[in-house]
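In what follows, a structure is listed as structure tokens, so that the remarks can point back to it.
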Amino acid sequence: MRIASADVVVTSPGRNFVTLKVVTDDGLVGLGDATLNGRELAVASYLQDHIVPLLKGRDAHRIEDTWQFLYRSAYWRRGPVTMSAIAAVDVALWDLKAKAAGMPLYQLLGGASRTGITAYGHASGRDTDELFDSIRHHLELGFRAIRVQTAVPGITTLYGVPTTPANPGGRHDDYEPAARGALPAEEDWDTRAYLRHIPTVFEAVRAEFGPELPLLHDGHHRMTPIQAARLGKALEPYDLFWLEDCTPVESQEALRLVRQHTTTPLAIGEVLNTVWDYQTLIGEQLIDYVRSSVTHAGGITAMRKLLDFAAQHQVKSGIHGPTDISPVGMAAALHLDLAVHNFGIQEYMPHSPLTDEVFHTSYRFTDGYLHPGEKPGLGVDLDETAAARFPYQAAYLPFNRLHDGTVHDW
Ligand code: KDG
Ligand code: MG
């Protein structure tokens, strides 16, 4: 099974996606997601200009060899652009191998370790009433675990809490932070206001919805370790499933201090892209959940090794799954989720109807559980005619300034 051609498809059905399409000499098509929110064209160029010329004529079955070749021959290792590009090739090759075998990909990864993949949804609101409505809405949709983000008095625009719905007439819990336009939006941040307010929100949510519902929260990299420790401690009475990205993760050692102070479970890693980024975090058991995505962390081949390392230290998966992971990347995550033993939870934000016009998927969400479906390969088809109707549009993630004008982590 030789690679006959490889093409990069950039499309923007509501938001930008970069997809690698690999075709074999016997006509099989494999897809890989290469979407890096706000920096899409860098990965598209890395693939088109530097990787596609290397793929033609290669044996599509040699996945490990291709991974090692792309990683080591580049010399310049790691980083989100490189690892997203390698991931796209890797996932496309796994898609091809599973199609050639006539099996859904999870069968090649060892078969199902569970019958369904527990997914968490995103609830948010500009005040308590809106937040409670959003939680109820997610419960009606079937979610069995819910991430809670709310507005904070003293902060004008806050991560995870849209001031306007993503779709005209839509709900305020539809979440898409990358706005189209020539410049990134400026948002504001006040750590003291946030730390005062968030525990009161979780107290109210527990009082309204009871003790059983698994609740998650994303701190989105904004606290120092001592502030994160304080928040984790303050949230202990409300029994969170996890507190995510409580502090920027460039310094893995920073998590030691957080860990010493709180038993709130910690999830980290959506911006990490290799196993090396987790050496201390996992080796010293400083976190409970790995948040990397298949899309940004080198694909199925690399994520499987990362999760095996995590398993030795009782750390579980919590694969990143917002809408900037394309349906191809989401399908890859679901096959892995179903197969690995140390699955924890999967993030799930349904894509927009426009996105669904371009990507046709076999995965399903039923009664709170996702399943990748039984079609051979990933179970995703790309409609290139539909994709061509939605040309790329520049979009940026926002950035933060403190009230005195200092740039802060977003
Ligand atoms: O592109 C940025 C998003 O992927 C990120 O903000 C989403 O933090 C996120 C999450 O947990 O889904
Ligand atoms: Mg996050």
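For ligands, and for the atoms within them, numbers begin at 1 and follow the listed sequence.
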I need the nearest protein heavy-atom contact for atom 6 (O) of ligand 1: residue, atom name and distance, please.
H220 NE2, 2.8 Å
Any cation-pi pair here, R401 with W189, using under 6.0 Å and within 45°?
no
Counting heavy atoms only, which part of R147 comes closer than 4.0 Å to ligand 1: side chain, backbone, both or neither?
side chain
Mark yes when over 12 heavy atoms from residues, nucleotides or ligands other than R39 sit less than 6.0 Å from its CZ; otherwise mark no.
no
Taking atom types as modelled, find out whether H137 and S134 have a side-chain donor-acceptor pair closer than 3.5 angstrom.
no
Taking atom types as modelled, is there a side-chain donor on T301 or W94 under 3.5 Å from an acceptor on the other?
yes
Describe, in one word, how the ring planes of F309 and H313 are oriented to each other, choosing from parallel (under 30°), tilted (30 to 60°) and perpendicular (over 60°).
perpendicular
Just by distance, with hydrogens left out, do S292 and Y278 show a side-chain donor and acceptor under 3.5 Å apart?
yes
Distance filter under 4.0 Å to E244 heavy atoms, resulting ligand 1 atoms:
11 (O)
Counting heavy atoms under 4.0 Å, the part of L397 that contacts ligand 1 is side chain
Atom 7 (C) of ligand 1 sits nearest the protein heavy atom Y175 OH, 3.3 Å
Among the N/O/S atoms of E244, the Mg ion (ligand 2) lies closest to OE2
Shortest protein contact, atom 1 (O) of ligand 1 (heavy atom only):
N37 ND2, 2.8 Å
Among all protein heavy atoms, pick out the one at the shortest distance from atom 12 (O) of ligand 1; state its residue, atom name and that distance to 0.1 Å.
E347 OE2, 2.4 Å
Of all the atoms in ligand 1, which lie at a distance below 4.0 Å from a heavy atom belonging to P322?
4 (O), 12 (O)
Heavy atom of the protein closest to atom 9 (C) of ligand 1 (residue, atom name, distance)
Y159 OH, 2.9 Å
Do T35 and D324 pair up side chain to side chain, a donor and an acceptor below 3.5 Å, judged on atom types alone?
no
Once you restrict to heavy atoms under 4.0 Å, what part of M349 touches ligand 1? Side chain, backbone, both or neither.
neither
Geometric cation-pi criterion, R15 with F17: 6.0 Å, 45°:
yes
Vertex the Mg ion (ligand 2), arms to E270 OE1 and D218 OD2, rounded to 10°
180°
Is it true that atom NE2 of H341 has more than 12 heavy atoms of other residues, nucleotides or ligands lying nearer than 6.0 Å?
no
For E270, atoms of ligand 1 separated by under 4.0 Å from a heavy atom
5 (C), 7 (C), 8 (O), 9 (C), 10 (C), 11 (O)
What protein heavy atom is closest to atom 3 (C) of ligand 1, reported as residue, atom name and distance in Å?
D324 OD1, 3.4 Å
For D218, the ligand 1 atoms with a heavy-atom partner under 4.0 Å come out as 8 (O), 9 (C), 10 (C), 11 (O)
R291: heavy atom below 4.0 Å from ligand 1, yes or no?
yes
Over 60° means perpendicular and under 30° means parallel, so classify the ring planes of Y348 and F365, tilted if in between.
tilted
